[in-house]
Amino acid sequence: MTVKRDIQPNWRPATRLVHGGQLRSQYKETSEAIFMTSGYVYETAEEAEAAFDNSQPRFVYSRFGNPTVSMFEERMALLEGAEMARATASGMAAVFAALACQVKAGDRVVASDALFGSCQYIVGEILPKWGVETAFVDGRDLNQWRDALSKPTKAVFLETPSNPGLRLVDVPAVAELAHKAGACVVVDNVFATPLLQQPLKQGADVVVYSATKHIDGQGRSLGGVILGSRKFIEETLQPFLRHTGPSLSPMNAWILLKGLETLELRVQKQSANALKIAQKLQGHSKLKQVHYPTLDSHPQAELARRQMAAGGTMVGFDLAGGKASAFRFLNALKLVLISNNLGDSKSLATHPATTTHQRLTVEQRAKQGIDEGMIRLSIGLEDVDDLLDDLLEALKAA
Ligand SMILES: *Cc1c(COP(=O)(O)O)cnc(C)c1O
């Protein structure tokens with residue numbers, strides 16, 4: 001079910017984030033209504049029949065569509081400049097559906113190796129179990145992409161910047177190689193957010209988000225979203241979603257709609273805070289390296305400036321003293337919280353080697369650039385000088 005809404009095509013992103021996709025009920029409420037309903041009623045049996053044969057499109061069941069969820073989908077599509085969007089209950093449901101809906105046994109998928117742990121599990125473990133051939137490449141190396149895409153390929157999956165190494169993939173270059181191999185390019189754009197990087201404009205076919213991160217942005221709700229062409233969504237994705245049921249709750253869709261209203265303000269401030277922190281930490285005597293996409297010391301800084309409007313809200317650094325030093329640092333923090341979530345208004349610190357990427361072997365971590373002394377920081381909305389005071393004080397303990 002798709003509902004027509006009044007939107008001005010010339011609205012800029014900040015306006016779309018506040019007004020995009022809103023459906024008003026007969027009560028003309030200002031704020032988006034929460035339609036907490038699983039089903040819908042029909043005046044007559046004929047009306048039910050018409051709804052099911054699609055001659056009279058309307059909401060029939062919330063696994064298929066719900067007005068609050070539909071407002072969130074429409075607002076996301078407007079923001080991203082996508083023809084359509086579909087929401088899911090979590091980011092992983094979005095990643096899984098975006099890939100699983102289009103592959104069958106015998107197909108080939110090529111992915112960047114620097115992926116969020118669960119994404120790597122889907123590509124490396126679940127798809128092969130179902131007879132899909134999968135290959136991983138170093139996402140930074142166009143020669144590896146070129147080799148891997150010399151055979152017909154159904155889908156390409158990548159994350160840029162990657163979690164937690166902040167490694168980049170050249171989206172237009174990979175998209176060109178992928179399209180020659182016949183592949184659909186799926187980009188997990190969580191770290192960059194829809195405001196700092198628009199993969200669809202750079203040649204990607206499908207974009208996925210964990211809306212749990214910056215889109216909610218205040219640590220309240222899980223959610224995910226898949227964006228792409230009308231043809232992909234209606235013909236390939238929608239039947240998969242309808243029958244497998246990873247639907248977003250209307251309550252969570254409402255939280256995410258409210259998150260979108262402040263997304264631009266939050267991402268701008270958090271990204272500015274992150275840049276300042278990366279700059280101040282660079283060269284600190286306890287650190288081997290600071291990772292931030294637009295820092296001159298980042299090996300792909302030129303690509304970051306070309307592909308992203310700003311470096312994002314995430315900063316990484318490698319403590320020279322390894323795991324013991326990383327733990328001393330985390331335990332000395334007084335303001336920044338130890339948590340594996342990200343994109344929150346509260347600043348969060350994680351030790352990837354013992355948490356989010358614990359399942360990997362030491363060699364696999366090294367390959368992805370995850371040092372045993374690496375700390376991943378998700379920078380929030382606090383005063384940046386308070387954050388710096390806390391980080392520099394904790395570094396003394398490291
Ligand atoms: C968190 C995250 C996911 C998974 O999202 P959930 O909402 O936790 O299911 C996928 N990709 C990236 C890059 C993430 O950071």
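When a residue number appears, it is its place in the shown sequence, counting from 1.
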Start with the C-alpha distance between Arg230 and Glu235, add both sets of side-chain angles, then the distance that settles salt bridge (Lys or Arg N to Asp or Glu O under 4.0 Å), and finish with yes or no. CA-CA 8 Å; Arg230 177 170 297 277; Glu235 292 174 17; over 6 Å; no
Could you give all pairs that pass the side chain to side chain donor-acceptor pair (under 3.5 Å) test and reach residues 324-335, with sequence neighbours left out? none
Report the residues that fulfil side-chain contact (heavy atoms from CB on, under 4.5 Å) with Ala211, sequence neighbours left out, ordered by chain and then residue number. Phe72, Ile215, Leu256
Audit row: Asp390, Leu387, side chain to side chain contact (heavy atoms under 4.5 Å, CB included) steps and yes/no: CA-CA 5 Å; Asp390 192 42; Leu387 292 173; 5.8 Å; no
Quick check: do Leu241 and Thr88 have side-chain heavy atoms less than 4.5 Å from each other? yes
Hydrophobic clustering (ILVMFWY, side-chain heavy atoms < 4.5 Å, transitive) - are Leu281 and Leu275 grouped together? yes
How far apart are the C-alpha atoms of Lys367 and Glu363, what are their side-chain angles, what is the distance that settles it, and do they pass the salt bridge (Lys or Arg N to Asp or Glu O under 4.0 Å) test? CA-CA 6 Å; Lys367 207 158 162 256; Glu363 293 74 39; over 6 Å; no
Close side-chain approach of Gln238 to Phe64, heavy-atom, < 4.5 Å: no
Between Lys258 and Asp216, is the closest basic N to carboxylate O distance under 4.0 Å? no
With the side chain counted from C-beta on, respond yes when Arg108 and Val132 share a heavy-atom pair under 4.5 Å apart, and no when they do not. no
Could you list the residues that satisfy side-chain contact (heavy atoms from CB on, under 4.5 Å) with Gln364, not counting sequence neighbours? Leu360, Thr361
Lys151 versus Glu133: any side-chain heavy-atom pair under 4.5 Å? yes
With side chain to side chain contact (heavy atoms under 4.5 Å, CB included) as the criterion, how do Phe157 and Cys119 come out once you've worked through the C-alpha distance, each side chain's angles and the decisive distance to 0.1 Å? CA-CA 9 Å; Phe157 182 64; Cys119 298; 3.7 Å; yes
Say whether Met92 and Phe240 are linked into one hydrophobic cluster, either directly or through other cluster members, by side-chain heavy-atom distances under 4.5 angstrom. yes
Would you please name every residue forming a ring pair (Phe, Tyr, Trp, His ring centres under 6.0 Å) with Tyr209, sequence neighbours left out? none
Check the hydrophobic clustering (I, L, V, M, F, W, Y; side-chain heavy atoms under 4.5 Å; chains of links allowed) and say if Leu158 and Leu200 are grouped together. no
So Gln120 and Gln368, side-chain hydrogen bond (donor to acceptor under 3.5 Å, both in side chains) or not? Walk me through it. CA-CA 12 Å; Gln120 200 158 40; Gln368 281 195 41; 3.2 Å; yes
Would you check if Met308 and Thr160 make a side-chain contact, meaning some heavy-atom pair closer than 4.5 Å? no
Identify the residue among Glu80, Glu32, His19 that makes a side-chain hydrogen bond (donor to acceptor under 3.5 Å, both in side chains) with Arg75. Glu32
Around atom NZ of Lys280, are there more than 12 heavy atoms of other residues, nucleotides or ligands at under 6.0 Å? no
With heavy-atom distances below 4.5 Å as the criterion, would you say the side chains of Ile375 and Leu330 are in contact? yes
Mind checking whether Tyr292 and His298 have ring centres under 6.0 Å apart? no
Residue among Lys323, Lys288, Arg365 satisfying salt bridge (Lys or Arg N to Asp or Glu O under 4.0 Å) with Asp371: Lys288
What residues, two or more places apart in sequence or in another chain, satisfy side-chain contact (heavy atoms from CB on, under 4.5 Å) together with Tyr121? Glu125, Ile126, Arg359
NZ/NE/NH1/NH2 to OD/OE distance under 4.0 Å, Asp385 and Lys276: yes
Run the salt-bridge test on Arg140 and Asp138 with the 4.0 Å N-O cut-off and return the result as yes or no. yes
Apply salt bridge (Lys or Arg N to Asp or Glu O under 4.0 Å) to the pair Arg305 and Asp296, showing each step before the final yes or no. CA-CA 10 Å; Arg305 293 197 194 100; Asp296 286 333; 2.6 Å; yes
Do the side chains of Lys231 and Glu83 get close enough for a salt bridge, i.e. N-O under 4.0 angstrom? no
Which atom of Gly124 lies closest to which atom of Thr134, heavy atoms considered: CA-OG1, 4.5 Å
With a 4.5 Å limit on heavy-atom distance, are the side chains of Val208 and Asn189 in contact? no
Please write out which residues are connected to Leu337 in a hydrophobic cluster, directly or through intermediates, given that two of Ile, Leu, Val, Met, Phe, Trp, Tyr count as joined at side-chain heavy-atom separations below 4.5 angstrom. Leu348
Evaluate the side-chain proximity of Thr354 to Phe327: yes if any heavy-atom separation is below 4.5 Å, no if none is. yes
About how many Å separate OG1 of Thr193 and CZ of Arg266, when rounded to the nearest 0.5 Å? 9.5 Å
Are side-chain N/O atoms of Ser339 and Asn341 paired as donor and acceptor at under 3.5 Å? no
Salt bridge present between Arg86 and Glu234 (N-O < 4.0 angstrom): no
